Amino acid sequence: MLDLKLYKSENRPTWCPGCGDFGILNAIKQALAQLEIWPHEVLFVSGIGCGSKLPDYINANGFTTLHGRALPIAQGAKLANPGLHVIAVTGDGDGYGIGGNHFLHAIRRNINITHIVENNMVYGLTKGQYSPTSAKGFISSTTPEGAIERAVNPLALALANGGTFVARGFSGDPKHLAEIIAQAIQHPGYALVDVLQPCVIYNRVNTYEFYEQRVYKLEETDHDPTNPEQAWERAHEWGERIPIGVIYRETGVPTYEEQVSVLQGGGPAQTPPRLLTEAEREALLAELA
Amino acid sequence: MLDLKLYKSENRPTWCPGCGDFGILNAIKQALAQLEIWPHEVLFVSGIGCGSKLPDYINANGFTTLHGRALPIAQGAKLANPGLHVIAVTGDGDGYGIGGNHFLHAIRRNINITHIVENNMVYGLTKGQYSPTSAKGFISSTTPEGAIERAVNPLALALANGGTFVARGFSGDPKHLAEIIAQAIQHPGYALVDVLQPCVIYNRVNTYEFYEQRVYKLEETDHDPTNPEQAWERAHEWGERIPIGVIYRETGVPTYEEQVSVLQGGGPAQTPPRLLTEAEREALLAELA
Amino acid sequence: MPVQDLSLKLAGEAGQGVESNGAGFARALTRAGLYVYTASDYMSRIRGGHNSYLIRASAEKVRVHRDHLHLLLAFNPQAVTTHLGELVPEGAIIYDEGMKVPEAQVAAAGVQLFPLPLRELAEKVGGSRIMVNTAALGAATAVMGLDLSHVESVILDNFGSKKGAAVAEANLKVARAAYETAGERYADRFPWKLPKVANAPRRYLLNGNQAIAMGALAGGCRFISAYPMTPASSIFEWLTAQGPKYGVVSKQMEDEIAAITMAIGASYVGARAMTATSGGGLSLMVEALGLAGMAEVPLVVVNAMRPGPSTGMPTRTDQGDLLFVTHLAHGEFPRLILAPGNVRQCFEAGYRAFNLADKYQTPVIILTDGFLASSLETVDLEDLPFDEVTIDRGELLDGAALDQLEERYARFRVTESGISPRALPGHPKAVYTTPSDEHTEYGAFESEDAANRLQQHPKRMRKLETARAEMQGPTLYGPADAEITLVGWGSTLGALFEAVEILNEERPGTANLLHFTDLWPFPPAAEEALARTRRLVVVEENYTGQFARLLASETGRKADHLITRFDGRAITPDYVLQNLKEAAVHAGSQAV
Amino acid sequence: MPVQDLSLKLAGEAGQGVESNGAGFARALTRAGLYVYTASDYMSRIRGGHNSYLIRASAEKVRVHRDHLHLLLAFNPQAVTTHLGELVPEGAIIYDEGMKVPEAQVAAAGVQLFPLPLRELAEKVGGSRIMVNTAALGAATAVMGLDLSHVESVILDNFGSKKGAAVAEANLKVARAAYETAGERYADRFPWKLPKVANAPRRYLLNGNQAIAMGALAGGCRFISAYPMTPASSIFEWLTAQGPKYGVVSKQMEDEIAAITMAIGASYVGARAMTATSGGGLSLMVEALGLAGMAEVPLVVVNAMRPGPSTGMPTRTDQGDLLFVTHLAHGEFPRLILAPGNVRQCFEAGYRAFNLADKYQTPVIILTDGFLASSLETVDLEDLPFDEVTIDRGELLDGAALDQLEERYARFRVTESGISPRALPGHPKAVYTTPSDEHTEYGAFESEDAANRLQQHPKRMRKLETARAEMQGPTLYGPADAEITLVGWGSTLGALFEAVEILNEERPGTANLLHFTDLWPFPPAAEEALARTRRLVVVEENYTGQFARLLASETGRKADHLITRFDGRAITPDYVLQNLKEAAVHAGSQAV
Ligand SMILES: Cc1ncc(C[n+]2csc(CCOP(=O)(O)OP(=O)(O)O)c2C)c(N)n1
Ligand SMILES: Cc1ncc(C[n+]2csc(CCOP(=O)(O)OP(=O)(O)O)c2C)c(N)n1
Ligand code: SF4
Ligand code: SF4
Ligand SMILES: [Mg+2]
Ligand SMILES: [Mg+2]
């Protein structure tokens with residue numbers, strides 16, 4: 001267990017007081033400390049949004065990128081340097097809205113990264129428009145008559161697309177969340193942690209109270225996370241009771257990088273580029289003669 | 001039943017002899033004739049790819065757009081003029097690869113369009129790279145060691161995302177396909193018809209023979225397309241036996257347009273734009289004084 | 001001692017209501033018969049962070065804010081330290097008497113302190129600490145010598161129906177109490193008073209984004225699909241809010257690509273459709289803009305600029321997208337670019353863009369920026385010229401015309417103007433396809449034939465030449481013959497206008513202003529206008545002097561001097577004057 | 001009657017192997033000691049449609065193809081009608097004697113018909129109709145007076161291992177049979193012969209895309225993520241194929257946005273990473289290019305141009321993206337643009353781009369086009385200068401340097417050059433963040449502070465000025481003092497070079513060529529080079545004369561005359577000469 005102070009950034013979070021993002025930040029630090037991952041051994045890649053400011057508030061390598069594009073950047077970093085722990089941090093708009101396509105394909109690609117989604121079911125940073133996970137009927141500046149679409153169910157999507165680690169946490173229970181994040185980091189392959197995160201300013205529906213009254217821990221039930229049918233069922237439970245914990249875990253699936261021949265000795269960022277040898281040049285030239 | 005000749009285009013298809021796209025074209029004409037939809041009453045919106053050339057080969061309104069962007073264009077056309085039948089036609093790369101995000105969100109939005117995917121499990125027009133639906137291990141110019149990702153399962157994705165009409169056809173059985181397409185057009189809401197389409201040049205795996213040996217029709221079984229569990233199960237059947245037909249159908253779900261107040265009297269393209277009345281101007285100005 | 005104008009600023013933390021109270025106060029001043037101009041300054045965060053809101057008011061038309069303040073309403077200590085330097089001597093700071101302020105420093109600046117029991121009044125009289133703002137505004141009203149009635153009317157409007165009469169009543173009480181206390185204590189000590197204007201006509205307070213949206217609505221826009229992005233979101237949100245009343249379909253999409261392509265789909269079948277975005281959003285829309293160009297689909301896109309590159313400074317202002325917009329997308333196609341300079345021009349751009357898009361069947365881009373998007377301006381009725389709005393759909397064939405069609409309909413008929421008569425899908429006589437590939441007159445794929453390409457590509461490009469003839473401006477403000485000509489475009493209009501006024505007041509004939517709103521195709525009148533100028537000083541808000549470069553490539557005329565600003569703040573008259581004086585010294589001002 | 005050069009064309013339907021046989025024959029000619037240049041012409045479809053493949057061969061270096069043919073191998077009747085006009089008098093057509101040809105028309109053109117039992121030979125001797133191609137090539141070899149051995153060696157290479165010796169054997173037999181028959185019947189009647197070259201050094205046949213990819217590999221590129229798009233795919237496919245041997249990670253992504261952002265991620269942690277795309281793909285990459293600019297991530301992007309707008313003409317060529325690439329993305333950031341003109345310059349651009357990207361920590365864009373991407377050129381060893389390849393990572397701090405760091409590491413340190421020493425993530429002494437928002441020297445968010453912005457934005461932009469000093473060219477070809485100077489960039493090099501040669505042959509001193517490969521930042525040597533020119537004729541493959549406009553805005557020098565081509569075909573020497581002659585008459589040539 002490393003010292004939590006290691007991860008203290010000199011920048012003070014600009015989140016609103018009470019924002020669920022604080023709990024997520026704490027849980028992440030907790031998980032890193034517990035797994036003894038040093039700040040220089042991890043790279044956070046985030047998008048744009050309230051939650052995506054997280055890398056600024058933790059002492060660790062960080063890259064705050066573009067709205068929706070954290071996942072391919074994280075995957076590129078991981079393939080180039082598999083020695084780094086790569087953690088993508090996105091909002092719900094970021095990860096499931098504009099970034100939906102990368103989400104889809106990252107799941108089935110199974111590169112060994114962790115994806116933490118700060119799912120406040122609203123667009124926080126741009127001041128309260130509805131998001132893909134907003135409930136049907138959610139009223140916002142762009143849905144004055146209430147959201148019409150069926151909300152995205154990220155867990156079901158991940159399952160439908162062959163995800164190998166699918167979990168949900170709640171920012172109001174950072175200890176439990178830290179536990180899930182630690183498992184996600186340890187999981188070999190793409191690991192989704194969807195985090196229920198109250199936005200105390202723009203989401204008056206999915207509040208702390210809303211969740212506190214509903215969430216229950218899967219570990220405290222007889223849920224078998226290796227059973228796809230049970231996972232599919234739990235992924236659809238949303239109402240009086242909302243499950244948190246590891247919904248699904250498939251073991252023994254090789255990661256993407258394990259299946260690429262040239263990555264077996266490490267990634268290209270781990271050795272400095274070099275000039276071609278005489279033999280290599282000749283081989284290339286011979287093909288052209 | 002209208003005369004099939006109505007839909008005859010003066011342009012000759014440039015598809016390779018034997019291409020599965022011919023069967024799809026025929027099935028579409030058949031469905032239109034059967035439903036008595038005249039060429040001017042329908043708008044085909046396609047992407048870019050071999051299959052997306054289809055609007056050029058049928059006498060009907062057509063718009064061949066951008067790779068991956070047929071769905072939002074089709075949705076915009078439908079919302080602006082709900083009087084048109086709007087049919088989106090895309091390839092698998094087009095619809096599930098680059099267009100994956102629009103696919104995701106079109107499903108849950110449930111605008112009343114039909115989406116026909118010419119799923120040849122390969123990139124045809126660009127000469128044979130693997131696609132999101134290519135089987136794991138598929139060898140192509142960009143996957144010389146075989147595709148590593150788990151293939152996209154479009155049916156499962158549509159189900160996980162709240163799709164209300166999810167079907168699969170086979171271009172080698174255009175009569176059956178026409179039947180499915182006709183049902184899809186009649187379905188109120190977003191209707192997905194994923195079509196197994198052999199590419200005789202670049203896909204040596206998923207050939208006519210491959211399918212002919214495997215496909216079976218759901219109508220000929222006791223499959224209940226209104227049962228979500230059965231649908232989920234059938235969506236995952238892929239191997240010795242491959243189901244075609246309507247996998248899932250949910251009735252009674254209002255379309256998106258039915259839930260938008262201003263669309264109740266028709267769409268904005270159906271009435272010419274007009275100047276504001278005195279009263280309207282005054283109302284606007286009053287808010288600013 | 002009456003002044004022409006008075007500037008005050010509200011400043012405090014985000015979440016303290018700086019912006020909403022500032023806007024309310026600006027409305028009260030407008031109702032008092034004054035002209036106001038506001039400039040807000042806020043951070044890319046929801047709570048916390050320092051925000052400020054400047055209001056300049058005058059009995060005369062105000063076109064821009066200035067760098068100096070007469071009055072500061074400080075809601076926290078940081079407000080004082082941050083803005084003290086902006087206050088003129090004898091200017092004053094209104095603040096809660098419980099707050100610590102650096103008195104010596106303030107005194108050294110010659111600034112007065114007007115402590116007041118704002119919080120106490122809010123709590124005791126109003127029953128809630130939130131009303132500290134109301135108290136401060138009541139106090140400001142008093143020291144500026146204004147009638148409280150206008151503030152009261154705004155309070156009633158804001159709370160009257162919404163939050164119930166009780167809240168309104170409490171706010172009214174707080175305002176009056178502060179008004180009285182401040183009036184007694186400080187009214188005499190504050191040297192500036194706002195005039196009481198009798199019988200002013202009704203005037204209107206709105207920002208550039210509202211004006212664009214209203215112009216668009218007036219021009220028949222009935223479809224907007226967008227994705228939220230500061231500082232463009234308010235166009236989308238305004239149209240969304242008005243939607244149900246006027247039949248506007250409004251759709252937030254999954255991303256900007258979906259937003260613009262959905263608008264293309266809507267326009268393709270005949271709706272007047274638009275989207276609005278900024279920076280990264282526009283970058284994502286590039287491919288679709290090329291599609292609209294090739295498919296000849298009318299399309300209106302608003303790009304509200306903010307400092308880049310990339311995420312940059314989301315809540316600030318900039319004019320750094322000009323050359324990007326002029327050249328965006330692979331290949332070549334006609335596009336039109338309008339850059340309005342004030343509320344009136346925003347309104348005009350709103351409806352003109354739709355007429356131009358329909359007429360030339362191609363994308364029209366309105367370039368605005370964070371400053372113009374959010375600054376409130378008081379305007380007269382004539383500046384919202386609803387009467388001038390026309391709806392011109394160009395060569396659009398209606399049902400009757402199509403019924404009479406004798407030959408086969410050729411959607412992409414080659415014409416001299418480049419404009420091909422357009423039929424909307426749905427008529428039996430005009431069944432056609434539109435490929436994004438090169439195509440024939442009838443819309444058949446033809447990405448091979450050189451002869452066909454030599455017909456269609458120039459046909460499309462000729463629309464640009466046809467459109468050039470109706471591109472307006474540049475407009476000359478100030479004396480026809482001046483020593484220097486300031487050249488600007490878009491939102492710097494107000495600042496440059498006033499800079500010219502000041503220069504000519506100091507010494508008549510010093511300067512004039514050549515201001516561009518229509519940027520592309522480059523207006524044909526530019527060359528002649530330039531020919532009559534002497535020393536050319538281009539002023540713009542970017543690093544490389546993009547307009548100066550465009551001017552050079554289009555007219556061959558190089559700027560003699562370039563004044564730039566790229567720190568995310570709007571150019572003010574003061575910035576221009578100072579740069580002109582410091583000329584070669586200051587970083588933002590380069591001899592070219 | 002020996003000639004300097006001989007041009008032949010294979011033509012038939014897509015799927016008839018026109019391209020693969022053409023490429024094989026070009027290789028045979030190269031092995032025979034000749035220089036070749038090829039130009040293929042194919043449609044955006046997989047089977048059917050008319051394809052052709054032109055090969056120009058000579059004992060001297062060949063830089064481009066010409067508009068005329070000496071020999072046509074016609075695989076279907078359409079081939080004859082389409083290409084008859086290209087044949088010079090006494091030129092000949094080789095075709096199967098069963099095929100109908102318009103004899104009168106051919107005769108009227110002074111062209112000879114060489115019917116042969118190609119199909120019969122293929123079927124009887126080879127056992128398969130597919131070998132008709134082989135038969136035709138055997139026949140061509142004979143009439144051109146070439147030894148069959150080189151064709152035989154290529155057949156052996158192509159089939160020897162792959163499809164088994166039997167197939168190779170059959171093809172060899174067919175080739176020889178056709179060679180003999182054609183030799184007997186027609187060799188005497190064909191007036192041109194290719195020289196037999198003794199002891200030619202080993203030479204290499206490759207296209208521009210292969211050269212870029214090979215240059216990149218030589219320069220240390222070990223990561224490519226891309227999305228297929230004609231005509232860029234072959235770069236990606238070549239590196240993918242070589243990947244396992246050289247340790248290149250290659251990844252096809254879900255779209256171009258994912259492709260470029262994945263490359264940014266790989267480069268961020270230290271790999272030399274690239275992507276390659278075209279048209280619409282580049283349009284989709286715009287936002288990410290801005291990110292790389294802001295985040296100061298080295299990145300190499302190849303854009304292979306094809307005619308737009310939008311999907312346009314996917315299999316054709318164009319130079320229409322220049323100004324788009326120069327200005328793409330909102331806001332301002334430094335980018336470098338290289339536009340190689342031939343195989344050698346492609347190779348050089350391949351590794352130079354990586355050195356420049358690392359040195360300036362910003363995107364470098366290689367502009368190529370459909371023509372350069374796919375035309376095969378015979379080059380000498382010195383044109384693939386592996387020995388000149390260097391790997392210069394610029395100010396990259398290695399582990400040792402970081403170990404010794406004494407102060408806190410400032411990733412975005414403000415320096416005079418604008419370049420900040422870079423550490424890769426992973427070292428305990430250099431833990432830092434990079435926001436796409438404006439940021440401090442240490443990488444903390446700072447999208448508010450004006451003073452910080454005034455440090456960081458100019459810092460980034462200064463890199464452009466630093467880089468300008470090492471931008472190469474333009475290169476002057478031909479006499480220093482000429483009546484007219486042709487100005488071109490990128491892939492038109494060969495055509496303009498030969499046009500100048502022809503002009504000066506006709507009348508010495510007529511013309512020279514100023515060719516640009518480094519386009520942005522605009523090379524400082526341009527002004528001086530231009531000062532020594534007289535009449536300036538800019539030649540480029542787009543409609544609006546984009547380079548001419550860039551030239552005007554960067555140097556103030558306007559072109560005297562503009563020759564453009566935008567029908568998707570490459571500019572040839574003939575096109576230039578004709579346009580110069582017709583000057584004011586021809587559409588593609590405008591006085592400006
Ligand atoms: C391409 C692009 N489009 C839009 C934006 C504006 N934007 C910034 S954050 C955001 C959404 C934020 O929502 P979410 O991802 O859920 O994060 P949250 O703020 O709720 O944590 C948007 C639309 C942007 N920065 N870039
Ligand atoms: C933005 C963009 N990227 C890439 C391409 C090139 N491209 C054209 S079609 C295609 C893929 C075709 O595959 P699919 O969608 O499965 O259609 P198919 O040809 O197999 O019918 C690609 C990558 C393009 N036209 N536009
Ligand atoms: S707006 Fe919502 S999500 Fe953003 S910081 Fe505030 S509480 Fe958190
Ligand atoms: S390449 Fe494949 S998909 Fe394309 S036309 Fe040929 S057979 Fe059909
Ligand atoms: Mg959110
Ligand atoms: Mg396909």
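Please read all numbers here as calculations on a predicted model, not as lab measurements. Letters go in sequence order (proteins before strands), and every chain restarts at 1.
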Contacting moiety of [X], where chain D heavy atoms sit under 4.5 Å:
| X | value |
| --- | --- |
| A/Asn101 | both |
| A/Glu10 | side chain |
| A/Leu263 | side chain |
| A/Leu6 | neither |

Atom group of [X] that falls short of 4.5 Å from chain A, counting heavy atoms:
| X | answer |
| --- | --- |
| D/Leu217 | both |
| D/Tyr268 | side chain |
| D/Ala430 | backbone |
| D/Asp387 | both |
| D/Phe223 | side chain |
| D/Asp398 | neither |
| D/Leu205 | both |
| D/Arg203 | backbone |
| D/Val379 | neither |
| D/Ala258 | both |

Quick check: does any side chain N or O of [X] sit under 3.5 Å from a backbone N or O of [Y], one acting as donor and the other as acceptor?
| X | Y | result |
| --- | --- | --- |
| A/Asn120 | A/Gln197 | no |
| A/Asp194 | A/Val117 | no |
| D/Ser447 | D/Glu438 | no |

Which members of [range], sorted by number, sit under 4.5 angstrom from chain D on a heavy-atom basis?
| range | answer |
| --- | --- |
| residues 36-47 of chain A | A/Pro39, A/His40, A/Leu43 |
| residues 274-283 of chain A | A/Arg274, A/Leu275, A/Leu276, A/Glu280, A/Arg281, A/Glu282, A/Ala283 |
| residues 65-85 of chain A | A/Thr65, A/Leu66, A/Arg69, A/Pro72, A/Ile73, A/Gln75, A/Gly76, A/Ala77, A/Leu79, A/Ala80, A/Asn81, A/Leu84 |

Looking only at side chains, do [X] and [Y] share a donor and an acceptor under 3.5 Å apart?
| X | Y | answer |
| --- | --- | --- |
| D/Thr434 | D/Arg411 | no |
| A/Gln129 | A/Thr126 | yes |
| D/Thr433 | A/Asn61 | no |
| D/Asp380 | D/Tyr35 | yes |
| A/Asn112 | A/Tyr256 | no |
| A/Ser131 | A/Asp92 | yes |

Item to complete: For the residue pair D/Lys359 and D/Asp392, establish whether any side-chain heavy-atom pair is separated by less than 4.5 Å.
Response: yes
Fill in: Contact check, side chains of D/Arg27 and D/His150, non-hydrogen atoms, under 4.5 Å
no
Item to complete: Determine the interplanar angle of the A/Trp15 and A/Tyr57 rings, folded into 0 to 90°, and report it as parallel if under 30°, tilted if 30 to 60°, perpendicular if over 60°.
Response: perpendicular
Discussion item. Students often mix this up, so state it plainly: with edges at 30° and 60°, are the rings of A/Phe165 and A/His187 parallel, tilted or perpendicular?
Written reply: tilted
Worksheet item: In terms of heavy-atom pairs under 4.5 Å with chain D, which of A/Ala289, A/Pro268, A/Gly267 leads?
Response: A/Ala289
Worksheet item: Which pair of heavy atoms, one from A/Ser9 and one from A/Ile58, lies closest together, and at what distance?
Response: CB-N, 3.4 Å
Worksheet item: Got a second to check how far A/Asn26's CG is from A/Leu4's CG, nearest 0.5 Å?
Response: 8.5 Å
Worksheet item: Is the gap between the ring centers of D/Tyr442 and D/Tyr432 under 6.0 Å?
Response: no
Fill in: Centroid separation A/Tyr123 to A/Tyr202 less than 6.0 Å
no
Option that, when pairs with chain A are counted at under 4.5 Å, heavy atom only, ranks first among [options]:
| options | answer |
| --- | --- |
| D/Lys251, D/Lys245, D/Met294 | D/Lys251 |
| D/Thr30, D/Ile391, D/Val297, D/Val389 | D/Ile391 |
| D/Ser436, D/Gly270, D/Gly290, D/Gly220 | D/Ser436 |
| D/Glu287, D/Met214, D/Arg222 | D/Glu287 |

Item to complete: Determine, step by step, whether A/Thr164 and A/Asn110 satisfy the side-chain hydrogen bond (donor to acceptor under 3.5 Å, both in side chains) criterion, reporting the C-alpha distance in whole Å, the side-chain angles of both residues, the deciding distance to 0.1 Å, and the verdict.
Response: CA-CA 8 Å; A/Thr164 55; A/Asn110 206 33; 3.0 Å; yes
Worksheet entry | NZ or CZ of A/Arg109 within 45° of A/Tyr190 ring axis and under 6.0 Å | no
Discussion item. Checking A/Ile48 against D/Asp437 for the side chain to side chain contact (heavy atoms under 4.5 Å, CB included) test, could you report, in this order, the C-alpha distance in whole Å, the side-chain angles of both residues, the deciding distance, and whether it holds?
Written reply: CA-CA 9 Å; A/Ile48 298 294; D/Asp437 280 74; 4.1 Å; yes
Discussion item. For A/Lys8, is the NZ atom crowded, meaning more than 12 foreign heavy atoms sit under 6.0 Å from it?
Written reply: no
Discussion item. Just to verify, what does A/Pro254 make a side chain to side chain contact (heavy atoms under 4.5 Å, CB included) with, not counting sequence neighbours?
Written reply: A/Glu258, A/Gln259
